[in-house]
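All residue numbers refer to positions in the sequence shown, counting from 1. Just so you know, ligand 1 is whichever comes first in the structure, and atom 1 is the first atom listed for that ligand.
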Amino acid sequence: MAYDKSIAAFKEAYQVIPGGVDSPVRAFSGVEGTPPFIEKGEGGYLFDIDGNRYIDFVQSWGPLIFGHCDEDIENSVIKAVKKGLSFGAPTTVETALAEEIVKLFESIDKVRFVSSGTEAVMSAIRLARGITKRDNILKFAGCYHGHSDSLLVQAGSGLATFGTPSSPGVPEDLTKHTLLATYNDLASVEACFEDAKGEIACIIIEPIAGNMGLVPADETFLKGLRTLCDAHGTLLIFDEVMSGFRASLKGAQGISEVKPDMVTLGKVIGAGMPVGAFGASAKMMAHLSPEGPVYQAGTLSGNPVAMTAGLTSLKKLTSNPSLYVEFAQKAKKLVDGFQKAAAAVDVPMVTEVRGSMFGFFFSDKPVKNFDDACQNDTEMFAKFHKGMLDRGIYLACSSYETGFICTKTTDEMIDEAIKAAYETMAEIYK
Ligand SMILES: *Cc1c(COP(=O)(O)O)cnc(C)c1O
């Protein structure tokens, strides 16, 4: 494939945009080549400015569960656009979208809309701190919750479980309140509770982690978190910005019995427009301004065009719940195919599927946490990614990301991707 125009576009972008991109993962730093610049999408396909066509398994990193340019979503958005882009005043479409979400999520009575997943999580944590009147929060290594200050942490040195900043510009005064535990390891969480003498406002977790590859939490682990939270007056926040409407219609909460106190949503609820949301019981949400004292606001929050895209998308999803069975069948067929293609040249691979989400690691042992995920052969992934891209298969450009199936992903597309995987593995080992 020729990438000449994309290479030139990347150089030009580099002059005026840091790294040439507006979100770091897009820069292809972890893989070979330069990122294709996208001209347009069409159903399950992406087209770049060189005219190359790709089967899209990234789907804007999750939001596009109906693929590109879905007719219903497009038409509803065009109608909304014609009425005006933003008012900064209440509209009925916000209530309608809130009602859809409240209907689906048992743990949500009320929901507040924001403009990104980052904002949703940041606001939910402020609310949890405001309600509990505690500063400490607990997160898990390998889980991503957006780029707000207190969540950009890495493990501290030595035995300390309190985090240190993972980015310059984040004050240690903030991250010292963020405790870091190991995913799927309840003992590490218990140790944090001991260190912090129980003074933890909330645990935030991706109940189905999608930002260290796809790594679901064990049910017993989630139950253990629930018990610990109840015992210590700590709130449990499920960050379902990715898994919401992706793993199942109700995200992880459609799969697990464990109910969180708060939920954060994003990605699919905006169908490609910038939207985030956080919700909880009416009692907890009453602490939020203007009902309560915890401040939170946004000029473009609940934007009518974005709300309309989300509402159309959610209505389509709820009217066809069998979609998730089809998604999972296709995703399973895809990763099974990848695994066999790798096995054909004696390369080990472990795979995971949850609804429309899929993940694969070049590893020979199960991946339960971030340390396991880091054992993945990233060099092999980089070669695999490049080979697939050259064959028109657009996969996430990092081995720590999740892949997605959408309603426009056909069986023929899956077959084509598997064929490309065999060719790629054979090429790497020729
Ligand atoms: C994508 C993501 C976020 C951040 O959402 P943005 O819209 O990128 O700010 C937060 N949490 C999880 C689990 C995510 O996958």
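Under the side-chain contact (heavy atoms from CB on, under 4.5 Å) criterion, Lys223 pairs with Glu219, Glu257, Val258, not counting sequence neighbours. Partners of Lys176 by salt bridge (Lys or Arg N to Asp or Glu O under 4.0 Å), not counting sequence neighbours, listed by chain and number: Asp173. In this view, Arg134 and Glu199 satisfy the salt bridge (Lys or Arg N to Asp or Glu O under 4.0 Å) rule, not counting sequence neighbours.
Cation-pi geometry between Lys368 and Tyr183 is not met at under 6.0 angstrom from the ring centre and within 45 degrees of the axis. Remark: Arg112 fails to qualify as a cation-pi partner of Phe278 under the 6.0 Å distance and 45° angle criteria applied to the six-membered ring.
Taking a cutoff of 4.0 Å between a charged side-chain nitrogen and a carboxylate oxygen, Asp135 and Arg129 do not qualify as a salt bridge.
Protein residues are said to neighbour a ligand when one of their heavy atoms lies under 4.0 Å from it; for ligand 1 these are Ser116, Gly117, Thr118, Tyr144, His145, Gly146, Glu206, Asn211, Asp239, Val241, Met242, Lys267.
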